[in-house]
Amino acid sequence: MNTNVFSNTSAPVIIELKNIVKTYYFISHEIHALQGIDLKIRVGDFIAIAGSSGSGKSTLLNIISMLDTPTSGEVYCDGEDVCTMTDKVITRFRSKKVGLIFQNYNLIPVLNVLENVAFPLQIQSVKRSECLRKAKDILSQVGLSGHLEHRPAKLSGGQRQRVAIARALITEPEVVIADEPTAALDSKTGMEIIDLMRSLNESARTTFIFSTHDPRITSCVNNVLELMDGKLQYN
Ligand SMILES: Nc1ncnc2c1ncn2[C@@H]1O[C@H](COP(=O)(O)OP(=O)(O)OP(=O)(O)O)[C@@H](O)[C@H]1O
Ligand SMILES: [Mg+2]
């Protein structure tokens with residue numbers, strides 16, 4: 001089966017899922033959140049996962065980002081079997097390779113924009129001056145040079161989302177995984193965020209995989225994987 005119909009099939013595979021099943025056990029019944037997902041994510045991919053509420057988008061992204069484990073099936077990152085890695089190795093792997101963007105931004109309210117973006121590098125013990133230099137650079141790429149000193153509460157939803165994107169990018173991850181990055185935004189701002197992610201994808205070849213259930217967003221991207229009842233739909 002073609003497990004990623006939109007990919008540049010000559011690019012190396014970064015993450016591969018084989019027959020992923022995720023079942024939640026809730027009181028006395030089972031919820032079949034993912035039912036046999038096969039997917040290859042390649043360097044430079046720009047993939048939107050679409051599907052209605054409850055179709056399994058967050059569950060799938062949590063498994064791709066190694067935040068959660070499947071009930072059965074295999075996950076490979078750079079060809080290595082994630083199921084055989086210890087939690088410590090997975091955490092190190094993730095902090096090196098993956099940038100995460102959450103729906104509610106998860107910014108630190110007491111830090112200003114510059115400090116929020118510098119934070120992931122600071123906890124990697126990078127010199128403070130270098131962290132701030134890189135944070136300024138990335139904030140200028142996302143159009144926020146004029147807001148470095150502002151706290152998140154002073155920003156609009158679109159600006160907060162840009163800060164979250166900058167923070168995910170500062171460690172130069174190979175893959176950025178974003179769960180509904182546009183959900184809290186109006187459609188114009190949402191499309192601006194998608195355009196921004198795409199320009200970073202084109203300029204730095206960063207791989208992006210994000211979920212959305214907004215048809216206005218899926219109609220303006222090239223690569224859409226449709227999830228329905230925990231299964232990928234192939235047209
Ligand atoms: N921790 C959990 N325990 C039990 N069931 C869960 C859990 N997380 C998700 N589910 C169920 O798994 C299914 C898939 O949920 P998931 O959150 O992945 O969907 P989604 O596509 O992200 O939905 P939304 O668009 O609303 O965010 C749903 O039926 C949901 O109720
Ligand atoms: Mg979700």
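Just so you know, residue 1 is the first one in the sequence shown, and it goes up from there. Every value quoted in this text rests on a predicted model; they were computed, and no experiment measured them. One-based numbering, in listed order, for ligands and for the atoms of each.
Where the criterion is an N or O separation shorter than 3.5 Å, residue side chain and backbone included, G54 meets it with respect to ligand 1. Below 3.5 Å of separation, one finds no N or O of A33 facing any N or O of ligand 1.
Contact annotation for atom 14 (C) of ligand 1: protein present (non-hydrogen atoms, distance under 4.0 Å). Note that atom 31 (O) of ligand 1 has no protein non-hydrogen atoms nearby, at separations under 4.0 angstrom.
Ligand 1 has at least one atom lying under 4.0 Å from a heavy atom of S52. Ligand 1 is never approached by G51 to a heavy-atom distance shorter than 4.0 Å.
No donor-acceptor pair under 3.5 Å is formed between the side chain of D45 and the backbone N or O of I47. Under a 3.5 Å cut-off, the side chain of D78 and the backbone N or O of E80 do not form any donor-acceptor pair.
You'll find the side chain of E74 stays beyond 4.5 Å of the side chain of N19, heavy atoms only.
Heavy atoms from both the backbone and the side chain of T59 come within less than 4.0 Å of ligand 1.
For D137, the CG atom counts as densely surrounded, since its 6.0 Å shell holds more than 12 non-hydrogen atoms of other residues, nucleotides or ligands.
Side chains of N201 and T206: no donor on one and acceptor on the other come within 3.5 Å.
At least one N, O or S atom of S58 sits under 2.8 Å from the Mg ion (ligand 2).
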Q: Determine, stepwise, if the pair Y24 / T71 fulfils side-chain hydrogen bond (donor to acceptor under 3.5 Å, both in side chains).
A: CA-CA 9 Å; Y24 293 109; T71 306; over 6 Å; no

